[in-house]
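To keep things clear, I will list the structure first and then write my remarks on it.
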Amino acid sequence: MSFGTTNVMTDLTAIAKAFSLHGCYLAGAPYGNGHINDTYAVTYEEHGRRIRYILQRINDRVFRNVPALMENIQRVTTHLARGDATAGRRTLTIVPTREGAAYHRDSVGGYWRCYVFIENAQTYEILQDPRQAREAARAFGEFQCLLVNLGGPRLHDTIPHFHDTRHRFDALQRAVAADRHGRAAAAETEIAFALAREAMVDVLLNLQARGEIPERITHNDTKLNNVMLDDTTGQGVCVIDFDTVMPGLVLYDFGDMVRSAANSAAEDETDLSRVRMQLPVFAVLVEGYLASAGPLLNETERAYLAFAARLITFEIGLRFLTDFLEGDTYFKIHRSVHNLDRCRCQFALVRSMETQAAEMNAVVEKLTS
Ligand code: ADP
Ligand code: GN1
Ligand code: MG
C-alpha cells in the first residue's frame, strides 16, 4: 500500500464523489499532522456557503480489519451523539457514502471515510497555555465517562496488544536481535536505556491481571493533537481520532496526555536539553482529568497516575525505536532518522519524569485527597 498520492486533486474529487456530500467541490488538500492515516480537508460550496469535510484514507497496514474498526466508530459516535443537540461539534460525525455505508473502497482497494469538519476549533502539537492542558484532560476524561454505558458487545480490538508494554518490549528485543537494517549500532544508547527499564513493563499488566485495575472503554491515543479546542472559549469541544477506541486502561489515556501535553518541546525535538516534563502542566492535567473522570477512578488507578505517564512515554519510545530498527514501516517519517529522534525525545522525557517522580506523586496525592 502506498501513501501520498501523486495526483491528490483528481483523486480527492473522485473519492469525495463517493460520499453523500452536496453542493459543488471547490478544493481539497492534505491536512493535519497525524502519524498514521492520510488526512485531507475538502471544501464544498452549498447554497453560497462554504462547508468543509475531512476525508481520510485509513491506514490498512496498521488497522488490519477496517470494517470492524468502522463498526466500532459507528457505535461510539452514535452513542456520544445521543441526546446531545450540539453533537455535530462535540463528537465526530460520519458522513456516509451515497450507498449509506460508513466507508468507501477506491479503485485500488484503499479504505476512505468522511467526517464533518469541526469548525472554529483546532488541535495543537505543543501546548501554548496551561489552560489548554486542563481542557484537553477534562475532555478526554469526559469521553471515558460517556462511554461507560455503551451497550452491546465488547468493542473490537482494532490493534491487538496495542498498549501491552510487555509485548512492545519483546518486539524491541526481537528487532534488536534481527537488526535487519543494520541500524542497531546507531541506537546503542537508546537500546541500553530501554533494556535497563524492563522492570516497568509488567506493572500495570500485573495490576490488571490481579483485578486491581479494570478494563474500560478508552481512547488509547490521547495525545494533545487528538482533541479540538474551541478558538473562542478555549474549551475542549471534541475528542477526535477514534481508530483505537477499544477496551483498555484509563491510566494509559491519562499517561499519554502527560506525554504529549506536559513535554516542554515537540515530540521529535532533537535538542534534548529542551525536553522536560513540566510539573505545573502535570498538575493542571491531573486537575482537569479528575474534574471529569475523578468519580470513575478507583484507589489503585489514582495511585498510578504519575507512573502511567512514565510508562506510556517509555512504551511509545519503545515503539519509535522498534520502528526505526525495522526500517520505518509504521509511523510516517519526514526525515531519515525521524523515529530515532522521536525515541530519544521520549526517553529524555522518561528521564525527566524519573527525576520528578516524588513531586509528581505528591501532586496526585494532594489533588486526590
Ligand atoms: P491520524 O490517525 O493520522 O492521527 P487524525 O484522525 O488524528 O489522524 O487526523 C489528523 C488531524 O486532522 C487531526 O490532528 C486534526 O487536526 C485534523 N482532524 C481530524 N478530524 C477532524 C475533524 N473532524 N474536524 C477538523 N479537523 C480534524
Ligand atoms: C500515532 O495517529 P496519531 O498520530 O494520533 C499512534 C499512537 C502514538 C502516536 C505518537 C494507531 O498517533 O499510538 O502514540 O502516533 N497511533 C497508532 O505520536 O499507532
Ligand atoms: Mg491523530
Quick one: list whatever passes salt bridge (charged side-chain N to carboxylate O under 4.0 Å, His left out) with E354, sequence neighbours left out.
R197
Can you name the salt bridge (charged side-chain N to carboxylate O under 4.0 Å, His left out) partners of R210, sequence neighbours left out?
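Partners of R210 under the salt bridge (charged side-chain N to carboxylate O under 4.0 Å, His left out) test: E212.
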Kindly say whether the aromatic ring centers of F331 and F320 come within a distance under 6.0 Å.
yes
Check whether the ring centres of Y111 and Y103 lie less than 6.0 Å apart, and answer yes or no.
yes
Working to the nearest 0.5 angstrom, can you tell me the gap between [X] [atom1] and [Y] [atom2]?
X    : Y    : atom1 : atom2 : answer
L150 : R82  : CG    : CZ    : 8.0 Å
L325 : L340 : CG    : CG    : 8.0 Å
I51  : E119 : CD1   : CD    : 9.5 Å
E301 : L204 : CD    : CG    : 10.0 Å
R274 : E269 : CZ    : CD    : 4.5 Å
L285 : L224 : CG    : CG    : 9.0 Å

I'd like to know whether F254 forms a ring pair (Phe, Tyr, Trp, His ring centres under 6.0 Å) with Y289, so could you lay out the CA-CA distance, the side-chain angles of the two residues, the decisive distance to 0.1 Å, and finally the verdict.
CA-CA 8 Å; F254 176 74; Y289 182 58; 5.2 Å; yes
Is any side-chain N of the basic residue among [X] and [Y] closer than 4.0 Å to the acidic one's carboxylate O?
X    : Y    : answer
R166 : D202 : yes
R138 : E142 : yes
D60  : R64  : no
E287 : R134 : yes

Say whether [X] and [Y], considering side chains only, have a donor N or O and an acceptor N or O under 3.5 Å apart.
X    : Y    : value
N339 : D323 : yes
S352 : Q356 : yes
H79  : N149 : yes
Q56  : T39  : yes
E315 : T165 : yes
N33  : N225 : no
D164 : H161 : yes
N65  : H156 : no
Q144 : R216 : no
H35  : E267 : yes

Looking only at non-hydrogen atoms, find the nearest pair between [X] and [Y] and report the distance.
X    : Y    : answer
D268 : D341 : O-CB, 4.2 Å
Y31  : A41  : CB-N, 3.6 Å
S292 : C145 : O-SG, 3.4 Å
N298 : P214 : ND2-CD, 3.7 Å
V281 : A262 : CG1-CA, 3.7 Å
C238 : R89  : CB-O, 3.3 Å

Quick check on the hydrophobic clustering: are [X] and [Y] connected, directly or via other members, by side-chain heavy-atom contacts under 4.5 Å?
X    : Y    : result
I126 : F140 : no
F162 : V76  : yes
V363 : V284 : no
L318 : I333 : no

Under the salt bridge (charged side-chain N to carboxylate O under 4.0 Å, His left out) rule, what do E190 and R344 come out as? Steps first, then yes or no, please.
CA-CA 7 Å; E190 291 69 34; R344 286 183 172 142; 2.9 Å; yes
Indicate yes or no: at least one non-hydrogen side-chain atom of [X] is less than 4.5 angstrom from one of [Y].
X    : Y    : answer
I73  : R113 : yes
T218 : E215 : no
D106 : I15  : yes
D256 : Y252 : no

Does R50 make a cation-pi contact with Y44, if we ask for NZ or CZ under 6.0 Å from the ring centre and within 45° of the axis?
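That pair does not qualify as a cation-pi contact.
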Using 30° and 60° as the class boundaries, would you call the ring planes of H219 and F242 parallel, tilted or perpendicular?
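If you compare the ring of H219 with that of F242, the planes turn out perpendicular.
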For the backbone of K332 and the side chain of D328, can you confirm whether one donor and one acceptor N or O come within less than 3.5 Å of each other?
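No: the side chain of D328 does not pair with the backbone of K332.
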Please check this pair: side chain of E188 against backbone of A184, looking for a donor-acceptor N/O pair closer than 3.5 Å.
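Not a single qualifying donor-acceptor pair exists.
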Who passes ring pair (Phe, Tyr, Trp, His ring centres under 6.0 Å) against F193, sequence neighbours left out?
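Per chain and number, F193 pairs via ring pair (Phe, Tyr, Trp, His ring centres under 6.0 Å) with F347.
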For the side chain to side chain contact (heavy atoms under 4.5 Å, CB included) test, which of V227, L92, N226, N220 pairs with D241?
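Per the side chain to side chain contact (heavy atoms under 4.5 Å, CB included) rule, the option paired with D241 is N226, out of V227, L92, N226, N220.
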Quick one, N120 with D230, criterion side-chain hydrogen bond (donor to acceptor under 3.5 Å, both in side chains). Give me CA distance, side-chain angles, the key distance, then yes/no.
CA-CA 6 Å; N120 306 315; D230 189 281; over 6 Å; no
